[in-house]
Amino acid sequence: MKIDRIELLHIKIELVSPFTTSMGTEYEEEHIIVRVDSEGLTGWGECVAEGNPFYSYETVQTAWHILQDFLIPSILGKSISNVDEAIKSYSKFRGHMMAKAGLEAALWDVLAKSKNISLSKMLGGTRDKIDVGVSIGIQRSEQELIKKVSGYLNEGYRRIKIKISPGNDIQFVKALRKEFPELLLQVDANSSYELKHISLFKEMDNYNLLLIEQPLGYEDIYDHSKLQKEIKTPICLDESIHSLDDTRAAIGLDSCRVINIKPGRVGGFTESKLIHNYCASKNIPVWHGGMLESGIGRAGNVALASLPNFTLPGDISASKRYYKEDIVEPEFIVNKDGTMDVPTKPGIGVEVNINRLEKVTLRKKVF
Ligand code: OSB
Ligand code: MG
């Protein structure tokens with residue numbers, strides 16, 4: 001397929017409620033939407049680099065630069081018959097996984113549409129529904145957290161993840177475990193602890209957590225291997241894993257027993273699949289993380305999470321958990337049984353509401 005036209009749209013959408021983590025509080029989310037037009041078909045992708053380099057070194061500005069000056073020129077006007085060919089033409093550029101993943105997602109979408117199959121099918125998905133959970137920011141009190149969790153449980157979510165940071169941790173875990181003895185519960189520290197906090201993680205072993213996500217340094221693999229040897233609860237790595245090579249190192253060193261896959265963090269669906277398959281071969285379960293995506297990114301996440309080794313519920317929640325109005329139709333909803341339907345229409349399987357997209361666009365550029 002000939003890549004006729006590419007458009008970048010810098011979007012900013014207000015969150016329905018502020019999201020507080022160890023990295024700070026977010027009130028709105030900025031991402032880049034990538035639109036690829038090829039032979040009369042349109043593919044959509046979302047680059048999840050954020051406004052600030054808190055979670056990742058990438059930002060909307062760096063991703064825009066990498067897309068505009070390196071990735072787009074390497075494929076614009078070319079004919080490609082599969083995603084691997086596109087990836088080869090920009091594999092010489094190092095890093096910038098989020099920029100690459102946003103473009104790759106749009107290419108997957110347009111190629112799936114040209115074959116008239118769903119993205120899930122094209123990626124090798126095997127499920128028509130996925131188990132989903134919800135990620136809750138740090139709350140002011142245990143009472144407020146319990147109220148929030150009750151609300152989400154009533155909506156159908158069956159797995160809860162809470163953000164933690166030094167001083168905002170064990171009291172929240174204790175309170176939730178007391179109120180909800182059977183709750184599927186996990187915590188995410190976003191790299192806010194050090195090995196000297198080991199006694200805290202030993203204490204967490206008493207609360208039957210599914211996993212502890214990224215407790216130590218955001219590029220670290222070695223200290224996590226020391227911590228994992230001292231605690232029973234599985235460590236799950238998020239920030240530290242950018243590739244299959246990182247995954248091999250982390251599993252080889254027993255730094256974690258679960259992996260969080262985010263296509264944006266690892267450069268796209270292709271690398272995500274390699275990590276997924278490698279983890280399956282090592283009996284390491286994976287689950288799909290989230291980056292507060294709009295419906296465009298979410299659609300890709302749902303498709304990827306339909307692969308067989310995504311055996312733990314993902315951070316893939318309903319559109320309305322994030323935004324008042326999504327930019328796709330239909331919006332994503334969570335079923336009463338805590339699942340989400342995998343779209344079956346061609347490509348990402350949802351329509352982009354162009355009016356709504358325009359309303360949240362700060363700037364755009366056509367190539
Ligand atoms: O660490 O998983 C994370 C959101 C932005 C950046 C990092 C993370 C998160 C979340 C939200 O936890 C997950 C979601 O999209 O629901
Ligand atoms: Mg995380």
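When a ligand or atom number is given, it counts from 1 through the structure's own listing order.
- Geometrically, ligand 1 and M23 share no nitrogen or oxygen pair separated by less than 3.5 Å.
- At a threshold of 4.0 Å, the pair K88-D84 does not count as salt-bridged, since none of the basic side-chain nitrogens sits closer than that to a carboxylate oxygen.
- Y322 OH, 2.6 Å is the protein heavy atom nearest to atom 16 (O) of ligand 1.
- Between R248 and D246 there is no salt bridge, since no side-chain N of the basic residue sits under 4.0 Å from a carboxylate O of the acidic one.
- When heavy-atom distances to ligand 1 are checked against a 4.0 Å cut-off, T21 has no atom that comes that close, whether in backbone or side chain.
- Residue contacts with ligand 1, taken as heavy atom pairs separated by less than 4.0 Å, involve D188 solely via side-chain atoms from C-beta onward.
- A salt bridge does not link E358 with R356: none of the charged nitrogens is closer than 4.0 Å to a carboxylate oxygen.
- With a heavy-atom cut-off of 4.0 Å, R321 does not touch ligand 1 at all.
- Between E14 and K324 there is no salt bridge, since none of the side-chain N atoms of the basic residue sits less than 4.0 Å from a carboxylate O of the acidic one.
- Rounded to 10°, the angle that OE2 of E213 and OD2 of D238 form at the Mg ion (ligand 2) is 90°.
- No more than 12 heavy atoms of other residues, nucleotides or ligands lie within 6.0 Å of OH in Y222, so this atom counts as exposed by the packing criterion.
- Contact annotation: for K163 versus ligand 1, heavy atoms closer than 4.0 Å belong to the side chain alone.
- Between the CD1 atom of I327 and the CG atom of N353 there is a distance of 8.5 Å, given to the nearest 0.5 Å.
- Taking any N or O of N190, backbone or side chain, at least one lies under 3.5 Å from an N or O belonging to ligand 1.
- We find that D131 and R158 are joined by a salt bridge, their nearest charged nitrogen and carboxylate oxygen being less than 4.0 Å apart.
- For D238, every heavy-atom contact with ligand 1 shorter than 4.0 Å involves the side chain, none the backbone.
- Of the protein's non-hydrogen atoms, the one nearest atom 6 (C) of ligand 1 is M291 SD, 3.5 Å.
- For D188, the N, O or S atom closest to the Mg ion (ligand 2) goes by the atom name OD2.
- In terms of polar-atom proximity, defined here as any N/O pair under 3.5 Å, S135 does make such a contact with ligand 1.
- Nearest non-hydrogen protein atom to atom 9 (C) of ligand 1 is G290 O, 3.5 Å.
- A salt bridge does not link E29 with K12: every distance from a Lys NZ or Arg NE/NH1/NH2 to an Asp or Glu carboxylate oxygen is 4.0 Å or more.
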